Amino acid sequence: MLDLRVIRDDPDRVRASQRARGETEEVVDELLAADESRRASLAEFERLRAEQKSLGKEIPRASGDEKQALLDRAKDLAAAVKAAEAAADGAQRRLDELAMVPSNIIIDGVPEGGEDDYVVLREVGERPDLEKVRDHLELGESLGAIDTERGAKVSGSRFYFLTGVGAQLELGILNLAMSKAVEAGFTPVITPTLVRPEIMAGTGFLGAHADEIYRLERDDLYLVGTSEVALAGFHADEIVDLSDGPLRYAGWSACYRREAGSHGKDTRGIIRVHQFHKVEMFSYCREEDAAAEHERLLGWEESMLGAMELPYRVIDVAAGDLGSSAARKFDCEAWLPSQSRWLELTSTSNCTTFQARRLNIRERAEKGTRSVGTLNGTLGTTRWLVAILENHQLPDGSVAVPQALRPYVGGRDVLEPVRAG
RNA sequence: GGAGGCGUCGCCUAGUCCGGUCUAUGGCGCCCGCCUGCUAAGCGGGUUGAGGGUCAAACCUCUCGCGGGUUCAAAUCCCGCCGCCUCCGCCA
């Protein structure tokens, strides 16, 4: 949700942002009109209500015919107040509905266009030079690490078991991510993965992404696709204190995604699955600090990718490919040798005050309160296994373990196939 | 699943039975000022949030968990919901 004052004071900025995203511009004028009519109907209601209240005070003091006359007038007035209130409520609701339509205003410098219009900021590390490339599933199966056949038997397609070193590596990635986060001052959090509709809506996931989300109809709860949802809801309806700097949380959770629109895409292995684990960074900070905080989150992501010894590139995601909440988004993509392409491993979004406004998260300001900025970024997921296995594979089908992960696999520096590959 | 209790402006709390004087009491904490070698104590004032309005103010409206209802009038009466607590049952 955008700040109405921005829409009133600088509608052209909102129009330009909508245009860059390839989204509707007309909503700006509809919003301005709805705001106008809300204020008019509200003023009318408040005028009548004030009159009703002062009349109400005279009644207990009056008596006889005079009192009866006052009662008659008050009764008429009560009906008028009720009608005016209904009109004002209706206008408010119309405005609230419209206010949910525009996406966050993009930050200057975000590339225009769609999915393919990203800008590559940098490429880090060496892509491996492999004669024979095995993909992550082939490697994972031979190491006894990944079992998608039994995953499908038990739960269906896009489910999997991680076994043996697979389970250990996943725990290693996540634990390492958590340790790094705590070291950097984040508060570690294990979050709920079922959330109420208001929280899901507040984070902006019920709009264009609604099909992606599992819903438990009987209980009116949603399964989260990322702990960002729970961490954003953590301080909902609160006034937080940012005087000692940003509030930083590292969430650990299972993540659930329906992958409704991706039939036939990445069906092999564990690249695109219905359930995985993730460590997510989440920051609450002052609006003016958000851009710098975004760079810091990106820095922590890159440090984690470095620890995994992975070749990756950083892209500045184009406006049309941002989620509705994000004003800017950087993705880190690791090299995927089996497909000779880049694979998204992390994504960090600066949501400025967009989420906080919906979730009613504020801080004290010189005068009153104001919405805070929220940001999120990935520090490790199950998917990282894919890049780790493929980039560190050796000619004989074994896999070298990055230094930082060795403690999690019993100190081993190489993982050997458990049966003929 | 069943029974009961509770939810008031940061925290605690008065008010709810019996509707109007609630423009919500008092304490703690916090902020400003006074007093005072310093500190403490004492004294005075301020201290929920949102919206409207205004150059700014004044001022107005809403806000007693949330949403409805009754009434000229609701913290107070009625209904529904949510949350927390206690007990019982069931299950891990």
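Fair warning: this is a prediction, and the values are worked out from it, not measured in the lab. By convention in this document, chain letters (A, B, ...) are assigned in the order of the sequence lines, proteins followed by strands, and residues within each chain are numbered from 1.
- As rounded to whole Å, 15 Å separates atom P of B:A50 from atom CG of A:L4.
- Atoms CD (A:E36) and P (B:G53) sit 9 Å apart, rounded to a whole Å.
- Following rounding to the nearest Å, A:E85 (CD) and B:U61 (C1') show an atom-to-atom distance of 10 Å.
- Nucleotide B:C55 holds its C1' atom 15 Å from the CG atom of A:D9, rounded to whole Å.
- Taking side-chain N and O atoms only, A:T369 has a distance below 4.0 Å to OP1 or OP2 of B:A50.
- Taking the C1' atoms as reference points, B:U13 lies 23 Å from B:C18, given to the whole Å.
- B:C22: no Watson-Crick or G-U partner with both key distances under 3.5 Å is found in any strand.
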### Residue pair A:E390, A:R134: steps toward the salt bridge (Lys or Arg N to Asp or Glu O under 4.0 Å) verdict
CA-CA 7 Å; A:E390 292 201 8; A:R134 297 177 172 86; over 6 Å; no
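- In this pair, A:Y214 and A:Y256 present their aromatic rings perpendicular. The plane angle is above 60°, beyond the 30 to 60° band.
- Between A:I59 and A:D89, the residue whose closest nucleotide on RNA chain B is further toward the 5' end is A:D89.
- Remark: B:G53 base-pairs with no nucleotide; criterion is Watson-Crick or G-U wobble with both hydrogen-bond distances under 3.5 Å.
- RNA chain B is contacted by both A:R364 and A:A43; A:R364 maps to the nucleotide lying nearer its 5′ end (nearest heavy atom per residue).
- The main-chain N or O of A:Q275 is found under 3.5 Å from a side-chain atom of A:Y160 such that the two form a donor-acceptor pair.
- Here the side chain of A:I239 is nearest to one of B:G52, B:G49, B:C82, namely B:G49.
- Applying the ring pair (Phe, Tyr, Trp, His ring centres under 6.0 Å) test to residues at least two apart or on different chains, the pairs with a partner in residues 175-194 of chain A are A:F186-A:W300.
- With A:S17 contributing its side chain and A:V14 its backbone, the two residues share no donor-acceptor pair below 3.5 Å.
- Within the 4.0 angstrom heavy-atom criterion, only backbone atoms of the sugar-phosphate kind lie near A:L42; the bases stay farther away.
- Both distances falling under 3.5 Å, in either a Watson-Crick or a G-U wobble arrangement, place B:G42 opposite B:C34.
- Using P as the reference atom, B:A40 and B:C30 are 10 Å apart when rounded to the nearest Å.
- Base pairing of B:G67: its partner is B:C79, meeting the Watson-Crick or G-U wobble criterion (both donor-acceptor distances under 3.5 Å).
- At the heavy-atom level, A:A50 lies under 4.0 Å from the strands shown only through sugar-phosphate atoms.
- The residue A:K82 sits close only to the backbone: its heavy atoms come under 4.0 Å of sugar-phosphate atoms, none of a base.
- For B:G4, the paired nucleotide is B:C85, the pair qualifying as Watson-Crick or G-U wobble because both relevant distances are below 3.5 Å.
- Within the 4.0 Å cut-off from OP1 or OP2 of B:A50, at least one side-chain nitrogen or oxygen of A:R362 is found.
- Residue A:D237 contributes atom CG, which lies 21 Å from atom P of B:G7 at whole-angstrom precision.
- Between A:L55 atom CG and B:G20 atom P the separation is 18 Å, expressed in whole Å.
- The side chain of A:K53 contributes no N or O atom lying less than 4.0 Å from OP1 or OP2 of B:C60.
- Taking atom CG on A:D35 and atom P on B:G52, their separation rounds to 7 Å, with Å as the unit.
- Computed from coordinates, the A:E46 CD to B:G51 P distance equals 12 Å when rounded to whole Å.
- Using a 4.0 Å heavy-atom cutoff across all strands shown, A:Q92 reaches no nucleic acid atom at all.
- Using P as the reference atom, B:G45 and B:C38 are 24 Å apart when rounded to the nearest Å.
- Regarding contacts with the backbone of B:G51, every side-chain N or O of A:R38 stays at 4.0 angstrom or more from both OP1 and OP2.
- Judged purely by atom type and a 3.5 angstrom limit, A:D289 has no side-chain atom pairing as donor or acceptor with the backbone of A:C285.
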### Query
Please walk me through it: do A:K278 and A:E280 pass salt bridge (Lys or Arg N to Asp or Glu O under 4.0 Å)?
CA-CA 6 Å; A:K278 177 157 74 146; A:E280 174 91 341; 3.1 Å; yes
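- For B:G51, the OP1/OP2 oxygens have no side-chain nitrogen or oxygen of A:R39 closer than 4.0 Å.
- When the C1' atom is compared between B:A74 and B:C62, the two are found 15 Å apart, to the nearest whole Å.
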